[in-house]
Amino acid sequence: MINKRARVAGLAAAAAVVALSLAACSGGANASTEDPSKIKTATDVASAGGMDALVAAAKKEGSLNIIATPGDWANYQEIFDGFTKKYGITINPSQDSASSQEEIDAAKKLKGQDTAPDTFDIGSSVALANTEYFAPYKPTGWDDIPENQKEKDGLWKVGYYGVMAVGYDANKIKTPPKSFDDLLSPTFKGAVALNGNPTQAAAAAGAVAYATLQNGGTLDDLSKGVEWFGKLKKAGNWNAADGKPNTIASGETPVLLDWSFNQKGYATSDTIKGGGVNWKYVVLPGTAYVGYYNQAVNKDAPHPAAARLWEEYLYSDAAQNAWLKGGAYPARVDAMEKAGTLDKADFPGKLDKVAVMTDKQATDAGTLLNSTWANAVG
């Protein structure tokens, strides 16, 4: 599994690009398909003329441009395949390894061109700073999204979130950790690694934030997390290798702190399993550190109907369960569990309490890590 936000080199993700019939639904065109401006300003399916009208308009456009959304990230390939199969719309992927800011930069650069991104899958801090590029849209299922996970007019809304977790090779680690204190025991001698350097990679910085929360600290100050990694080094359990699929497969990094959707990818990787590794992961009790990924429609989308139909699909039970299968928590998880539509086979269970960084906390964390991390583990 590749962390797109860390922009790891060598990312190779397939996306479904299947050209099918672009004919409109039977029954002929209606007012909404004859009036593109109505779709471009639609803020929900009703203002688009209803679901049938939105589908017809999207099929007439025939394409959807996505960016920074690789198929092997949080099980997106299954979502691509489901959308294409259901609506017969070609998905055109680009810049799989782009960062959230690079998504916005692409929209600026390609504005007015057919190749501009139609939608964004974007981190929270970048989303909050760039709402001027988003079109308001509230997909079906809007009411199921928690209030703190959406902008009131629908400019952005959380689609899914990753949870920081502890992954391990069950063939080597016979008893899974139940706390961060467990990771300091001799069982984990030279074993505990991160996905990158916390001063450069979001996943690794998230691990320090997770350690902070698990050791009684807050996201206002990650000192407790840095101190904990110092203890890990002193105990001889720190592994300085950059944890990646190849180091897991080779046995070099038998324990790795990383996002849940990356952990799920490691567990299902044929390469890793082929190396004799039995990868599992746990989300420890207590406060969980999460990273939100938001969905938004480009206000200058070249395919405005397909962009809105894409959001309708993303918040359907099918796509939400696909994210769950990929190791992410979907935004509608609580409502779906209550309704009985959540795929329990892939549900790791409710989180005790969650914490997510604000933009200021992230900035302060970066400053702290740059000044203290090397001394803690160097």
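Starting from 1, each residue takes its place in the sequence as its number.
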**OP:** Using atom types as modelled and distance alone, determine if a side-chain donor or acceptor of D242 lies under 3.5 Å from a backbone N or O of G196.
**Re:** yes
Subject >> Exceeds 12 heavy-atom contacts within 6.0 angstrom, atom CG of N148 >> reply: yes
Subject >> Aromatic ring pairing W259/Y289, orientation class (parallel under 30°, perpendicular over 60°, tilted between) >> reply: parallel
Original post:
Would you say the ring centroid of W323 lies under 6.0 angstrom from that of Y76?
Top reply: yes
Original post:
Taking Q263 for the side chain and S260 for the main chain, is one N or O donor matched with an acceptor at less than 3.5 Å?
Top reply: no
**OP:** Would you please indicate yes or no on a ring centroid separation below 6.0 angstrom for Y168 and W279?
**Re:** no
Original post:
Within the side chain of K172, is there an N or O that forms a donor-acceptor pair under 3.5 Å with the backbone of A191?
Top reply: no
Original post:
With distance as the sole criterion, is a donor-acceptor pair present between the side chains of S179 and D181 under 3.5 Å?
Top reply: no
Original post:
Is the ring centre of F134 less than 6.0 Å from the ring centre of W156?
Top reply: no
**OP:** May I ask you to check whether Y315 and W142 place their ring centres under 6.0 Å from each other?
**Re:** no
Original post:
So, the side chain of N237 versus the backbone of L183: is there a donor-acceptor pair under 3.5 Å, distance only?
Top reply: yes
Subject >> Identified side-chain contact (heavy atoms from CB on, under 4.5 Å) partner of L368 from the options D364, N370, T372 >> reply: T372
**OP:** Answer yes or no: is there a donor N or O on one side and an acceptor on the other, between the side chain of S100 and the main chain of I122, under 3.5 Å?
**Re:** no
Original post:
Is the centre of the Y292 ring less than 6.0 Å from the centre of the Y160 ring?
Top reply: no
Original post:
Is it true that Y161 and Y293 have ring centroids separated by less than 6.0 Å?
Top reply: no
**OP:** Would you mind reporting whether F347 and V333 have side-chain heavy atoms less than 4.5 Å apart?
**Re:** yes
**OP:** Using atom types as modelled and distance alone, determine if a side-chain donor or acceptor of E61 lies under 3.5 Å from a backbone N or O of A306.
**Re:** yes
**OP:** Would you tell me whether N294 and S124 have side-chain atoms, one donor and one acceptor, within less than 3.5 Å of each other?
**Re:** yes
